[in-house]
Visitor: 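Would you mind keeping the following structure in view while I ask a few things?
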2 protein chains.
Amino acid sequence: MITSPLLTIDNVLFTVHDGILKVLMVKRSIEPYSGLWSLPGGIVDPATDTSTEDTALRKLREKAGVKPNYLEQLEVFSGHDRDPRGFTVTIVYYALIGYQQAEVHIHTVDDAEWVSLPQIAQLNLAFDHKKIINVALERLRQKTLYSMVPVFCLPSLFTISDLKQVIETIIEKPIQRKSLMRRVEASGMFEEVDEKAATGKRMAQLYKLKDNFNIVNFERNLSF
Amino acid sequence: MITSPLLTIDNVLFTVHDGILKVLMVKRSIEPYSGLWSLPGGIVDPATDTSTEDTALRKLREKAGVKPNYLEQLEVFSGHDRDPRGFTVTIVYYALIGYQQAEVHIHTVDDAEWVSLPQIAQLNLAFDHKKIINVALERLRQKTLYSMVPVFCLPSLFTISDLKQVIETIIEKPIQRKSLMRRVEASGMFEEVDEKAATGKRMAQLYKLKDNFNIVNFERNLSF
DNA sequence: CCAATAGTGTCTTTTAGACAGTATCAC
DNA sequence: GTGATACTGTCTAAAAGACACTATTGG
């Protein structure tokens with residue numbers, strides 16, 4: 001008779017704030033790795049969850065009171081060496097949210113915090129979470145090259161400059177404003193709203209996601 | 001106390017033979033869905049498997065005696081409605097193999113068979129395996145547009161025409177031979193061997209994967 | 001008017017598509 | 001030589017990069 005291994009999920013929730021890419025981390029309060037920072041995740045509960053995606057959303061709600069704008073399966077990590085308790089299987093999701101949207105909730109929970117990538121590099125994280133974050137980051141960067149997913153790191157109204165900054169923060173490269181505008185147009189995902197933002201000198205056009213948008217994948221990557 | 005749900009893996013093993021894309025199916029001998037065709041998979045066994053990828057490879061070996069040239073995680077399927085026994089979680093892998101390479105083994109196992117996609121559409125498959133196959137197919141098609149993965153459906157020596165046919169079979173569209181040759185060259189994954197194949201009239205150059213190849217992803221998709 | 005940010009026009013670059021033209025083989 | 005398949009040369013097309021140019025704002 002085979003006993004099922006411990007099945008957990010973990011979330012890599014990204015946001016961008018002031019040109020810095022951050023990941024939501026929570027402090028572990030139980031063994032193993034008690035006291036260390038870790039990804040917000042937990043055990044899949046067949047009694048309450050209708051799917052593992054449901055588990056992922058529930059954990060983000062419970063641990064930080066947030067609901068992401070975007071959530072997608074990254075991949076499964078498994079093995080004997082990733083948890084001192086033995087063989088474990090973790091389904092990892094990566095997710096995006098606007099900083100303003102989440103900030104309120106994060107601040108009321110003192111064991112949840114936005115951590116920048118340089119900070120993460122220096123921390124000692126629980127389990128193989130550092131590796132998981134790197135895989136998620138790689139995927140987010142790739143996806144940023146051929147889609148508009150970074151928009152999910154922004155509030156519901158945003159300018160082209162906002163979007164440009166978020167993209168540049170994620171891929172750590174400058175992009176051409178012109179290229180971005182062409183893609184915004186071509187994607188058909190967005191509509192201009194009757195409002196302008198006074199961020200810079202000249203007022204900037206505000207955009208929002210259309211009510212029934214489909215995420216478009218472009219046929220070629222941005223390059224440099 | 002939370003009991004872990006039943007954790008299984010399934011494989012969608014593709015090959016191309018004579019211009020037909022096929023999936024390896026096995027006949028179920030136990031309930032539920034006994035007697036129906038299903039994907040070759042099974043339960044993850046922490047006692048023997050070092051990872052879920054290991055489970056996937058083991059199941060392909062046990063059920064059909066084959067070792068794929070390419071194996072990659074597709075995604076996790078979960079829910080209460082996919083198995084009459086209740087909440088289940090299935091990690092799905094998709095894989096590629098050359099027809100010649102696998103044929104011998106498949107023929108010795110009478111409950112394993114290559115099934116074409118039109119045939120699959122007409123069959124009544126176990127669980128949600130029809131849906132899983134469609135998701136895997138979609139992924140394979142996407143990947144074919146920006147990489148050379150279809151080469152893993154071929155024997156170790158192959159011609160450009162072989163590769164072209166496999167690609168066209170997968171995406172169900174004709175491509176330009178010229179575009180393919182440019183990509184074969186640009187990828188740096190292949191080397192010409194000192195041998196020619198007498199498939200058509202003029203002898204065709206044979207290629208093989210370099211000993212230390214890296215799978216290259218192109219910056220733009222093939223289009224039509 | 002000036003400085004700064006928003007946004008446009010347009011030329012270049014890259015890489016795929018199209019397709020004609022050449023090469024090599026069996027017969 | 002003929003016909004069929006293999007391969008190359010080269011023009012066009014689509015979309016991104018580069019970058020100069022215009023527009024709009026606050027002061």
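To find a chain, count down the sequence lines: A is the first, B the second, and so on, and within it residues start at 1. All figures in this text were calculated on a predicted structure; none of them were measured in a lab. Scope of the values below: all heavy atoms of this structure, side chains included, with no hydrogens, waters or symmetry mates.
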Visitor: With 3.5 Å as the limit, what N/O pairs link the protein to nucleotides 11-15 of chain C?
Guide:
unit_1  : atom_1 : unit_2    : atom_2 : d
dT15(C) : O4'    : Arg220(B) : NH1    : 2.9
dT15(C) : O2     : Arg220(B) : NH1    : 3.1

Visitor: Identify, between Lys196(A) and Leu180(A), the residue whose nearest nucleotide on DNA chain D lies closer to the 5' end.
Guide: Leu180(A)
Visitor: Could you tell me which residues satisfy side chain to side chain contact (heavy atoms under 4.5 Å, CB included) with Thr8(A), sequence neighbours excluded, listed by chain and number?
Guide: Leu6(A), Ile43(A), Thr90(A)
Visitor: Let me know the distance between CD of Gln176(B) and P of dC7(D), rounded to the nearest Å.
Guide: 16 Å
Visitor: Quick one: Asn221(B) CG to dA14(D) P, roughly how many Å, whole number?
Guide: 16 Å
Visitor: Side chain of Gln205(A), backbone of Thr159(A): donor and acceptor closer than 3.5 Å?
Guide: no
Visitor: Can a donor-acceptor pair be found, under 3.5 Å and without considering hydrogens, that links the side chain of Gln101(B) to the backbone of Gly98(B)?
Guide: yes
Visitor: What integer distance in Å separates Lys178(A):NZ from dG9(C):P?
Guide: 6 Å
Visitor: Could you tell me whether Ile175(A) contacts a base, only the sugar-phosphate backbone, or nothing, with contacts defined as non-hydrogen atoms closer than 4.0 Å?
Guide: nothing
Visitor: Residues of residues 140-163 of chain A with any non-hydrogen atom less than 4.0 angstrom from an atom of DNA chain D: list those, numerically ordered, please.
Guide: none
Visitor: Rounding to a whole Å, what distance do you find between Gln205(B):CD and dC25(C):P?
Guide: 11 Å
Visitor: Does a sphere of radius 6.0 Å around CG in Asn217(A) hold more than 12 heavy atoms from other residues, nucleotides or ligands, not counting ones at 6.0 Å or beyond?
Guide: yes
Visitor: Just grab all the salt bridge (Lys or Arg N to Asp or Glu O under 4.0 Å) pairs involving residues 154-167 of chain A, residues at least two apart or on different chains.
Guide: Lys164(A)-Glu168(A)
Visitor: Check whether any side-chain heavy atom of Leu39(B) lies under 4.5 Å from a side-chain heavy atom of Ile133(B), and answer yes or no.
Guide: yes
Visitor: Find the distance Lys173(B):NZ to dG17(C):C1' and express it as a whole number of Å.
Guide: 15 Å
Visitor: Which residues satisfy the salt bridge (charged side-chain N to carboxylate O under 4.0 Å, His left out) test with Arg58(B), sequence neighbours excluded?
Guide: Asp49(B), Glu62(B)
Visitor: Would you find a donor on one side and an acceptor on the other, under 3.5 Å apart, between the side chain of Ser187(A) and the backbone of Val184(A)?
Guide: yes
Visitor: For the residue pair Glu53(A) / Tyr93(A), report whether a side-chain donor-acceptor contact shorter than 3.5 Å exists.
Guide: no
Visitor: Let me know the distance between CE of Met181(B) and P of dG21(C), rounded to the nearest Å.
Guide: 20 Å
Visitor: Is there a donor-acceptor contact under 3.5 Å from the side chain of Lys208(A) to the main chain of Glu191(A)?
Guide: no
Visitor: Using heavy-atom distances to pick each residue's nearest nucleotide on DNA chain D, tell me which of Ser223(A) and Arg177(B) is more 5'.
Guide: Arg177(B)
Visitor: Nearest to the Leu222(A) side chain among dG17(D), dT8(D), dA6(C), which nucleotide is it?
Guide: dG17(D)
Visitor: Is it the case that the side chain of Thr55(B) and the backbone of Ser51(B) share a donor-acceptor pair, with hydrogens and angles ignored and the cut-off at 3.5 Å?
Guide: yes
Visitor: Shorter than 3.5 Å, N or O on both sides, protein versus nucleotides 21-24 of chain D: list them out with atom names.
Guide:
unit_1  : atom_1 : unit_2    : atom_2 : d
dA23(D) : N3     : Arg202(A) : NH1    : 2.7
dT24(D) : O4'    : Arg202(A) : NE     : 3.2

